[in-house]
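Below is one structure, written out as structure tokens; comments come after it.
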Amino acid sequence: MAGARRDTAAVAMKKWLIVAALSSAHCGSASLLGTSDAGTPDPFDATTPAMDASLDQSSDGRPDSTADVAPVDAPSCPAGTILCGAACVDPSSDPSHCGSCGRLCSLAAAVAACSRGACTVNGCVAGFGDCDRIADNGCEVPLGTAANCGACGVACSGAAPLCDAAMGRCVSGCPAGTTLCSSACVDTSSSASHCGMCGNACSLPNATSSCSGGSCSVLRCNPGFADCDGLARNGCEVDTRSNVMNCGSCGAVCRVANGTPSCAASACRVASCAAGFADCDRSVLNGCETATATDSANCGGCGVSCSSSNATSACASGACEIVSCDPGFGDCDRVVLNGCEAPLVTASNCGACGVRCLGATPRCNAMTGRCEPTCVAPLVDCGGTCVDLNTDRSNCGRCGTLCGGAPFTTGTCVGGVCGCQTGYGDCTTAAGCETRLNTNANCGGCGVACALPNAATTSCASGTCAIVTCAADFADCDGMAANGCEARLDAVASCGQCRACPTGTTVTCLPRVGGSFRCVNNRCSPGWRGDCNGVSGDGYEVDLLNDTQNCGVCGRVCAPYTAGDGAVRPAQCSSGECLPRSPIC
């Protein structure tokens with residue numbers, strides 16, 4: 001009977017420990033085997049999914065006048081990855097999206113991993129073992145029982161029938177400071193399976209539990225949950241993935257201007273907008289920012305623009321309306337969509353909608369908006385309308401020539417010629433402004449060639465001619481394109497680099513080896529100054545003839561030398577060469 005009771009108690013204890021394993025990785029600072037878990041990988045930390053910080057959404061949850069569209073910043077994922085929330089992940093190896101989006105690898109008492117799209121055990125929490133080698137149930141066996149003491153299959157029997165859970169070994173009796181719970185010797189002050197007393201397993205909601213001083217506490221929260229009230233009894237009570245008051249973390253409140261917020265995938269979103277408002281820019285930061293009742297660019301809905309031809313329009317109460325017509329046009333059909341569609345210079349609508357020219361006055365004077373018997377010069381008859389071909393944009397130069405209808409023209413007519421759009425000119429006999437005025441042949445005007453003095457190559461940008469490169473031995477020293485490359489590089493005033501030769505001596509500008517120029521004194525050795533610090537403001541600041549740190553060229557340092565009498569002399573630079581030197585002249 002005693003043996004039967006002992007077996008029954010062992011089975012009961014195993015059940016308690018398995019329950020605890022599902023909710024608790026380990027207890028306090030000591031595991032069931034009594035070893036520190038400070039260096040043990042945390043199965044929950046290892047599988048915590050990245051918080052979805054994207055504020056994009058594919059639908060705002062309310063009817064729009066135009067269809068909702070996908071966020072413009074949705075990423076295009078590389079081959080082998082899929083889009084989960086706002087991130088591209090590899091479902092074959094990502095433990096937060098293993099095999100599919102949102103499938104989290106979280107295995108009982110185990111360090112979980114993802115391999116080939118399936119969750120696997122990558123290690124066990126101290127005190128537990130994966131004895132059946134089945135990944136789905138994680139590390140299912142507590143290794144502090146007489147059946148599995150310290151390792152899978154190690155059974156305690158005979159002279160050592162008990163298992164010291166802290167040490168992971170079979171013993172004949174429980175050590176001091178431990179309590180016999182079934183066949184295991186445990187420390188009830190720190191055991192998550194027997195916290196405070198035998199059988200009292202720490203199993204807190206959505207959390208990894210621990211036991212300290214015989215009381216259960218939250219060790220860490222499961223991914224997507226948080227302990228916002230600090231109370232151990234309800235565990236990690238807040239789902240931060242969907243809680244608008246704690247979205248992503250405790251205290252992160254979702255707010256939406258002119259609308260109702262929601263929290264999805266730990267990110268705040270716009271759930272719906274108040275009447276008369278819309279979220280047109282798809283950003284939760286400014287909420288439902290658009291007043292669709294009055295916004296002419298989003299009238300009644302996102303993207304609905306109040307733009308009517310030949311008219312000034314506005315948005316009122318979420319509907320477009322025409323405020324006024326352009327001069328010479330009328331809204332004769334009372335249809336907002338086509339604006340002020342009717343020119344008021346025809347025999348059907350002369351000066352106003354519905355005014356018809358008949359009988360003795362069959363023509364409409366476009367200048368006065370009145371019906372007349374005939375057209376008086378300089379006006380001519382174009383289909384029953386008296387127009388001035390010099391200024392009429394619908395009949396510019398001749399009847400039927402519409403300014404703005406030909407390529408790159410504007411809606412103006414001056415002297416019988418349609419105005420051209422900026423950057424274009426009417427340089428040929430073809431209709432319209434067909435010639436771009438940003439080429440070297442037509443730079444800023446028809447036939448204006450982009451050619452500048454002493455310039456090897458030029459370019460035309462925005463109708464202005466610019467220097468690209470200068471001809472050999474010339475430079476643009478004054479920065480004025482109009483006079484081209486005005487400076488000669490073999491001249492004393494602009495020798496080599498648009499800089500004058502130093503004054504006070506008789507100097508000349510001579511070519512240097514390689515084809516460039518430099519200033520020299522009229523004597524045997526080279527004599528010039530150098531710009532060694534790269535600062536343009538102080539000019540040629542170094543005397544290359546005598547500077548021992550820059551002798552002849554920038555950076556050449558002269559060293560002390562031994563004279564013929566054996567004495568060591570200080571470094572010297574003379575005429576651009578370090579001493580001693582061989583005679584040059």
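Residues take their numbers from the sequence shown, with the count starting at 1. Nothing here was measured: the structure is a model prediction, and the numbers come from that model.
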**Study point:** Passing option when Val111 is tested against Val121, Thr120, Asn122 for side-chain contact (heavy atoms from CB on, under 4.5 Å)
**Key:** Asn122

State whether the side chain of [X] and the backbone N or O of [Y] hold a donor-acceptor pair below 3.5 Å, judged by distance alone.
| X | Y | value |
| --- | --- | --- |
| Thr240 | Gly224 | yes |
| Arg356 | Ser348 | no |
| Asn442 | Gly447 | yes |
| Asn395 | Gly400 | yes |
| Asp381 | Gly384 | yes |
| Ser462 | Thr464 | no |
| Glu486 | Cys477 | yes |

Are the side chains of [Y] and [X] in contact, using a 4.5 Å heavy-atom criterion?
| X | Y | value |
| --- | --- | --- |
| Val89 | Ser96 | no |
| Val387 | Ser394 | no |
| Cys460 | Asn440 | yes |
| Ser313 | Ser296 | no |
| Asn222 | Cys236 | no |
| Leu389 | Cys382 | yes |
| Thr290 | Cys302 | no |
| Ser324 | Thr312 | yes |

Exercise for review: Start with the C-alpha distance between Arg393 and Cys418, add both sets of side-chain angles, then the distance that settles side-chain contact (heavy atoms from CB on, under 4.5 Å), and finish with yes or no.
Suggested key: CA-CA 7 Å; Arg393 66 179 184 176; Cys418 289; over 6 Å; no

Spell out, with a plain yes or no, whether [X] and [Y] have SG atoms under 2.5 Å apart.
| X | Y | result |
| --- | --- | --- |
| Cys306 | Cys320 | yes |
| Cys124 | Cys139 | yes |
| Cys299 | Cys315 | yes |
| Cys268 | Cys263 | no |
| Cys114 | Cys98 | yes |

Practice item. Please step through side-chain contact (heavy atoms from CB on, under 4.5 Å) for the pair Asn200 and Cys195, ending with a clear verdict. Key: CA-CA 5 Å; Asn200 183 33; Cys195 189; 4.3 Å; yes

Atom [atom1] of [X] and atom [atom2] of [Y]: how far apart are they, to the nearest 0.5 Å?
| X | Y | atom1 | atom2 | value |
| --- | --- | --- | --- | --- |
| Leu379 | Met367 | CG | CE | 6.5 Å |
| Asp326 | Leu344 | CG | CG | 11.0 Å |
| Asn349 | Cys364 | CG | SG | 9.0 Å |
| Thr361 | Arg370 | OG1 | CZ | 12.0 Å |
| Thr469 | Asp476 | OG1 | CG | 11.5 Å |
| Phe408 | Thr422 | CZ | OG1 | 12.5 Å |

Practice item. Carefully, step by step, assess Cys216 and Cys202 under the rule disulfide bond (SG atoms under 2.5 Å apart). Key: CA-CA 6 Å; Cys216 294; Cys202 293; 1.9 Å; yes

Looking only at heavy atoms, what is the nearest atom pair of [X] and [Y], with distance?
| X | Y | result |
| --- | --- | --- |
| Thr292 | Phe277 | OG1-N, 3.8 Å |
| Pro205 | Arg233 | CD-O, 4.2 Å |
| Asn298 | Gly303 | OD1-N, 2.7 Å |
| Ala112 | Cys105 | CB-O, 3.3 Å |
| Ala265 | Arg269 | CB-NH2, 4.3 Å |
| Cys273 | Asp279 | SG-N, 3.6 Å |

**Study point:** CA sep, side-chain torsions, deciding dist, call: Cys332, Glu341, side-chain contact (heavy atoms from CB on, under 4.5 Å)
**Key:** CA-CA 7 Å; Cys332 296; Glu341 82 293 341; 3.4 Å; yes

Exercise for review: Would you please test Cys228 and Cys250 for disulfide bond (SG atoms under 2.5 Å apart) and show each step?
Suggested key: CA-CA 6 Å; Cys228 294; Cys250 292; 2.1 Å; yes

Point to revise | Gln421/Cys433 under side-chain contact (heavy atoms from CB on, under 4.5 Å): CA gap, chis, key distance, verdict | key: CA-CA 8 Å; Gln421 294 180 15; Cys433 304; over 6 Å; no

Just checking, is any N or O donor in the side chain of [X] or [Y] under 3.5 Å from an acceptor N or O on the other one?
| X | Y | result |
| --- | --- | --- |
| Thr410 | Thr412 | yes |
| Ser217 | Ser210 | yes |
| Thr439 | Arg436 | no |

Exercise for review: Start with the C-alpha distance between Cys396 and Cys403, add both sets of side-chain angles, then the distance that settles disulfide bond (SG atoms under 2.5 Å apart), and finish with yes or no.
Suggested key: CA-CA 7 Å; Cys396 189; Cys403 290; 3.6 Å; no

**Study point:** Arg103, CZ: over 12 other non-hydrogen atoms inside 6.0 angstrom
**Key:** yes

Check your understanding: Partners of Glu237 by side-chain hydrogen bond (donor to acceptor under 3.5 Å, both in side chains), sequence neighbours excluded?
Key -> none

Give every donor-acceptor pair under 3.5 Å between a side-chain atom in residues 251-262 and any protein atom, sequence neighbours left out.
from   : atom 1 : to     : atom 2 : distance (Å)
Asn258 : ND2    : Cys288 : O      : 3.1

Point to revise | Worked check of disulfide bond (SG atoms under 2.5 Å apart) between Cys450 and Cys443 | key: CA-CA 6 Å; Cys450 184; Cys443 189; 4.6 Å; no

